[in-house]
Amino acid sequence: MGAVFKYFYIDSHYIIHIKYLDLFEEYSSEMIAYIKYKITDRGNIVRYFDKSFGYYQSELEEGEVINHLKEGVWREDSSSKEPTYYMKKYKKGFVIDNIEVVTEDKSGNKISTIIDKDTYLPLKN
């Protein structure tokens, strides 16, 4: 894997397109991720999905999509090397409840911590 670059643009529907590219030779690259966000009418930014309805699952997150936005309970894996994931409840793309942080110790026991959604600052995305 060479250098990783971000290429982004905002289209006429206020959707932010971010492409993560792995540049491995002088003129060769491979797209390793493509993520979209939507700028809402109130100026907030929320994750946007191409599918309008249904279940979404990737290596890092899974949950229900309604009207292109996160809805209901989502499991989002941590980017750290620890076996940690977050359980978040969404309504129209916004986190609406406290966040459960679940970590598994070496013997497989789950340790759950609740954090306030209003003070949570994610280090990824």
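The analysis underlying the following values was restricted to heavy atoms, covering all of them including side chains, and did not include hydrogens, waters or symmetry mates.
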Inter-residue atom distance Lys38.NZ - Tyr14.OH, 0.5 Å rounding: 8.5 Å

To the nearest 0.5 angstrom, please state how far the OH atom of Tyr90 sits from the CZ atom of Arg47. 9.0 Å

Once side-chain contact (heavy atoms from CB on, under 4.5 Å) is applied, do any residues pair with Ser58, and if so which ones, sequence neighbours excluded? Tyr56, Leu60, Glu61

List in chain and number order the residues that pass side chain to side chain donor-acceptor pair (under 3.5 Å) with Thr103, two or more places apart in sequence or in another chain; answer none if no residue qualifies. Thr84

With sequence neighbours left out, what residues match Ile45 under side-chain contact (heavy atoms from CB on, under 4.5 Å)? Ile16, Tyr37, Ile39

What do the steps show when you test Glu76 against Lys70 for salt bridge (Lys or Arg N to Asp or Glu O under 4.0 Å), and what is the final call? CA-CA 12 Å; Glu76 300 174 2; Lys70 290 181 176 182; 2.8 Å; yes

Which residues pass the side chain to side chain donor-acceptor pair (under 3.5 Å) test with Ser112, not counting sequence neighbours? Glu100

May I ask you to check whether Phe49 and Trp74 place their ring centres under 6.0 Å from each other? yes

Check this for me: Phe8, atom CZ, are more than 12 non-hydrogen atoms of other residues, nucleotides or ligands nearer than 6.0 Å? no

Can you list the residues that meet the side chain to side chain donor-acceptor pair (under 3.5 Å) rule with Asp116, with sequence neighbours excluded? none

Going by side-chain heavy atoms closer than 4.5 Å, which hydrophobic residues are tied to Phe94, directly or by a chain of links? Val46, Leu69

Distance (rounded to the nearest 0.5 Å) between Thr40 OG1 and Lys92 NZ: 11.5 Å

Test: salt bridge (charged side-chain N to carboxylate O under 4.0 Å, His left out). Region: residues 27-36. Which pairs qualify, not counting sequence neighbours? Lys36-Asp50

Between CG of Asn98 and OG1 of Thr113, what distance do you get to the nearest 0.5 Å? 12.0 Å

Residues forming a side-chain contact (heavy atoms from CB on, under 4.5 Å) with Glu59, sequence neighbours excluded: none

So, taking the atom named CG in Leu23 and the one named CZ in Phe5, what distance separates them when rounded to the nearest 0.5 Å? 5.0 Å

My understanding is that a hydrophobic cluster links ILVMFWY residues whose side chain heavy atoms are under 4.5 Å apart, including indirect links. Using that, what else belongs to the cluster containing Leu21? Tyr7, Tyr9, Met31, Tyr34

Distance col, row Ile99:CD1 vs Tyr86:OH, nearest 0.5 angstrom, shows 8.5 Å

What residues form a side-chain contact (heavy atoms from CB on, under 4.5 Å) with Ser107, not counting sequence neighbours? Asp105, Asn109

Please write out which residues are connected to Tyr48 in a hydrophobic cluster, directly or through intermediates, given that two of Ile, Leu, Val, Met, Phe, Trp, Tyr count as joined at side-chain heavy-atom separations below 4.5 angstrom. Ile15

Other than Tyr85, what residues sit in its cluster of Ile, Leu, Val, Met, Phe, Trp and Tyr side chains whose heavy atoms are under 4.5 Å apart, directly or through others? Val73, Met87, Val102

